[in-house]
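First up is the structure itself, then whatever we jot down about it.
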Amino acid sequence: MAVINTYTLKNKNNFELEVSTIGATILGLKVPNKYGDFINVVVGLNSALDYISEDYLENKLYLGATVGRYAGRISKKELIIASKKYIIHHENNIHLHGGENGFDKKTWVVESIEEGATTSQITLSYLSKHLEEGYPGNLKIFVTYTLTDKNSLKITYRATTDKTTIVNLTNHSYFNLNGEGSILNHELLINSDFYLEVDENLVPSGKLNSVEKTRFDYKLKKRIKNINFKGLDDTFVLNKSKLKAEITSEKSGVKMKVYTNQPAIVAYTPKKFKNLPFKENVKYADYPAICFETQHFPDAPSNKHFPSTELNPSETYLNETTFEFSIVKE
Ligand code: FUC
């Protein structure tokens, strides 16, 4: 059986982050609500072992996991990278989240843990060998989770390769700022003028559509449950503004701001969760959570006009995302 280690970090205000070595997964993130009670704002399971159970894995939820080597969808089975052909795993006509055994299922190595008086951080690494899941190049990845003294969780990915490859990493945490129930009464803002048009397999057509007068317009903060809400599994092209997204819950008073150097957010709101052993046995309702998958565009290898996801041996991939927490002033 796989050896799984978990680590709990705190900042000076007792924000608490729990991470597992399988998938460098975020198991829990506790922040205070407006009453000063600490609540877990990411969906997690009771124990780290639950994440390797068949019951959980068949749901393909990627709860809190590191997704790679390529997060999101790739339409082609054959990739041409640096003039060479590589075959990648396809299921239901797409390649999703790095293939059959993506980074979410790998055992990561803990490189360092620093617990300071005000901040703390943990760095984990994984070596993805040449041709793992079909991708070229030995890719070495480091992820650092930092709980800052500004009450944010910063996620930094760095990666290097010895052959030209493609990389698109993200964290797949499902946020619910009440720690239970639904996110339908949360208010959402996404600083995005365009979303990606997709086909029935959620593969981008290559066209960027304006959010203007569509259900994708979250430029002004609005309650998620609006008359047009049909659930989200969509790529929002991020504007140049510093703040990329924000979500608040009136009920708990928790506000979360999202900052990133990535060009897009895939916002994903599953309709329901199956009956799983959720942490502290919390109960979720319809539309239980929202993922802010900060990343490059899906299927960039087939769309030369999308920002490139290629990584050359002379370069370092850098993906920085910050989730910053505060209490809404009433
Ligand atoms: C998101 C979605 C997918 C999938 C997965 C669990 O990235 O784009 O559709 O369901 O998460």
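Remember, it's 1-based here, ligands and their atoms both numbered in the order they're listed.
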Exercise for review: Would you confirm whether the ring centroid of Tyr51 sits within less than 6.0 angstrom of the ring centroid of Tyr56?
Suggested key: yes
Point to revise | Under 3.5 Å: N/O of His97 near N/O of ligand 1 | key: yes
Check your understanding: Is there a nitrogen or oxygen of Asp233 sitting under 3.5 Å from a nitrogen or oxygen of ligand 1?
Key -> yes
**Study point:** Flag for Ser173-Asn171: side-chain donor and acceptor within less than 3.5 Å
**Key:** yes
Check your understanding: Any idea which heavy atoms bring Val3 and Thr21 closest together, and the distance?
Key -> O-OG1, 4.2 Å
Review point. Taking atom types as modelled and ignoring hydrogens, do the side chains of Gln121 and Thr144 form a donor-acceptor contact shorter than 3.5 angstrom?
Key: no
Practice item. Would you confirm whether Lys207, through its side chain, and Pro204, through its main-chain N or O, come within 3.5 Å as a donor-acceptor pair? Key: no
Practice item. Go through ligand 1 atom by atom and flag the ones less than 4.0 Å from a non-hydrogen atom of Lys60. Key: 6 (C)
Practice item. Considering heavy atoms of the protein only, find what lies nearest to atom 11 (O) of ligand 1 and give residue, atom and distance to 0.1 Å. Key: His172 NE2, 2.7 Å
Revision key, fill the gap. Counting heavy atoms under 4.0 Å, the part of Glu293 that contacts ligand 1 is side chain
Point to revise | Backbone or side-chain N or O of Tyr62 under 3.5 Å from ligand 1 N or O | key: no
